[in-house]
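Take a look at the structure below.
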Amino acid sequence: MLDVALISNLPNFDDFSRPELEAFISQSRARHVKKNEYFFSEGDPAECFYLLLDGYIRVVRISPAGEQVIVRYIASNELFGIAHAIGRDTYPANAIATVDCVALAWPMSLWNKTVQKHPSFAQVANSTVGSRLMDVQERVIELATEQVEHRVAMALMNLVKQTGKEVEEGILIDIPLTRQDVSDMTGTTLHTVSRLLSGWEQSGLVKSSRKRVIVTNKEKLLALTTNGR
DNA sequence: TCATTAATTGCCC
DNA sequence: GGGCAATTAATGA
């Protein structure tokens with residue numbers, strides 16, 4: 001089976017034997033979701049957990065004021081929709097395909113069994129939950145205390161880490177990314193983001209065009225994330 | 001080509 | 001910095 005070769009190297013499956021892995025995968029269903037369509041919405045019953053094979057997903061919540069907030073992006077080979085790992089039976093946010101995506105979906109009823117039987121899987125699940133929690137906490141502090149310029153620089157660096165792709169001019173953030181998206185991540189407005197990016201483009205830190213951002217000077221951008229004032 | 005969606009900029013708070 | 005409006009640019013049907 002093609003899928004086995006694709007994922008057998010992931011740390012999630014270190015302690016699966018080949019037949020175990022094949023059996024596990026045979027219980028999943030491949031789900032293709034087109035750009036801008038939903039894997040699931042906030043509050044939906046958490047019927048499945050997923051492993052993203054290809055694409056990028058943005059995790060979005062709607063604030064009480066009705067504004068959309070991009071909580072994070074999910075890249076390929078990450079688990080998502082793992083509501084049971086945090087003791088929920090509904091999904092805590094919307095998961096929207098940023099580009100065309102392919103994921104494997106397992107019925108949530110398999111979650112407990114899998115975690116109990118396979119420490120490697122449990123460990124990846126735990127560290128996924130843990131590092132996402134850390135991210136959220138860091139961002140709450142950031143939003144409350146840091147300058148906008150600092151936050152935007154931080155958001156771009158995180159995207160570089162997750163989705164960065166080497167190109168001639170620098171590192172491309174490999175998802176369609178609008179100014180609006182960046183402002184939804186950093187709690188600013190698209191205007192401010194546009195102005196910041198224009199300024200950075202002038203000084204040679206980034207290069208941007210419609211839905212595309214290339215970081216041309218990672219060091220300087222990184223410097224903005226550490227002092228920022 | 002036209003309609004839609006994104007991005008920029010200037011002005012004011 | 002944010003909000004708004006006008007303008008321009010890119011894109012996809």
Side-chain angles (χ1 to χ4, degrees), chain A residues 31-42 54-76 93-102 135-229:
Chain A
R31 225 186 125 187
H32 296 251
V33 173
K34 293 215 189 68
K35 186 175 173 177
N36 291 329
E37 291 180 354
Y38 285 62
F39 273 92
F40 49 78
S41 302
E42 182 168 352
D54 189 48
Y56 291 102
I57 292 172
R58 61 177 184 276
V59 178
V60 174
R61 297 199 63 187
I62 306 299
S63 75
E67 284 146 357
Q68 89 160 7
V69 176
I70 297 180
V71 180
R72 65 181 353 277
Y73 280 87
I74 289 170
S76 31
N94 304 292
I96 308 169
T98 297
V99 297
D100 291 356
C101 286
V102 186
D135 287 353
V136 169
Q137 288 177 347
E138 275 168 25
R139 292 209 9 201
V140 169
I141 293 171
E142 244 179 69
L143 274 174
T145 62
E146 302 294 353
Q147 302 291 327
V148 164
E149 180 184 56
H150 186 147
R151 304 206 302 264
V152 174
M154 194 72 99
L156 289 185
M157 285 308 297
N158 285 337
L159 287 170
V160 162
K161 252 182 260 162
Q162 270 196 304
T163 78
K165 212 175 100 187
E166 306 275 343
V167 294
E168 313 78 70
E169 302 134 288
I171 305 167
L172 169 69
I173 293 175
D174 195 26
I175 50 174
L177 185 75
T178 64
R179 309 291 185 266
Q180 179 75 60
D181 290 334
V182 178
S183 63
D184 288 343
M185 279 182 269
T186 53
T188 350
T189 62
L190 78 159
H191 311 281
T192 300
V193 171
S194 180
R195 286 170 182 126
L196 274 174
L197 286 183
S198 297
W200 290 346
E201 181 143 11
Q202 294 281 309
S203 40
L205 299 198
V206 303
K207 232 179 142 157
S208 67
S209 50
R210 179 178 250 241
K211 292 191 182 182
R212 264 166 60 95
V213 176
I214 298 171
V215 175
T216 49
N217 191 330
K218 202 171 152 185
E219 289 68 32
K220 277 199 190 168
L221 190 60
L222 195 60
L224 287 180
T225 69
T226 50
N227 52 49
R229 245 151 298 227

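Below, chain A is the first sequence line, B the second, and so on; all start at residue 1. On a predicted model such as this, the values are computed, not experimentally measured, just so you know.
Atoms CD (A/E149) and C1' (C/dG2) sit 17 Å apart, rounded to a whole Å. Atom pair A/W200:CH2 and B/dT8:P shows a separation of 13 Å (rounding to whole Å applied). Summarising the geometry, the separation between CZ on A/R212 and C1' on B/dA7 is reported as 15 Å, rounded to the nearest angstrom. Here B/dT8 presents its P atom at 9 Å from CG of A/L190, a figure rounded to the nearest Å. For the pair A/N36 CG and B/dT4 P, the computed distance is 17 Å after rounding to whole Å. C/dG1 atom P lies 12 Å from atom CD of A/E146, rounded to whole Å.
Here the shortest heavy-atom pairing between A/I57 and A/A95 reads CG2-CB, 3.9 Å.
Residues satisfying the ring pair (Phe, Tyr, Trp, His ring centres under 6.0 Å) test with A/Y56, not counting sequence neighbours, are none. With sequence neighbours left out, the side-chain hydrogen bond (donor to acceptor under 3.5 Å, both in side chains) criterion links A/E37 to no other residue. With sequence neighbours excluded, no residue forms a salt bridge (Lys or Arg N to Asp or Glu O under 4.0 Å) with A/D100.
Residues from residues 170-185 of chain A lying near DNA chain C, meaning a heavy-atom separation below 4.0 Å, are absent.
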Exercise. Could you run down nucleotides 3-12 of chain C 5' to 3' and tag each one B, S or - for protein heavy-atom contact under 4.0 Å?
Worked result: BBB---BBS-
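Residues A/W200 and A/L224 form a side-chain contact, since some pair of their non-hydrogen atoms from C-beta on lies under 4.5 Å apart.
If you take OG1 on A/T192 and CZ on A/R151, they are separated by 9.5 Å, rounding to the nearest 0.5 Å. The line from CZ of A/R58 to OG1 of A/T98 is 4.5 Å long, rounded to the nearest 0.5 Å.
Identified under the salt bridge (charged side-chain N to carboxylate O under 4.0 Å, His left out) test for residues 175-190 of chain A, with sequence neighbours left out: none.
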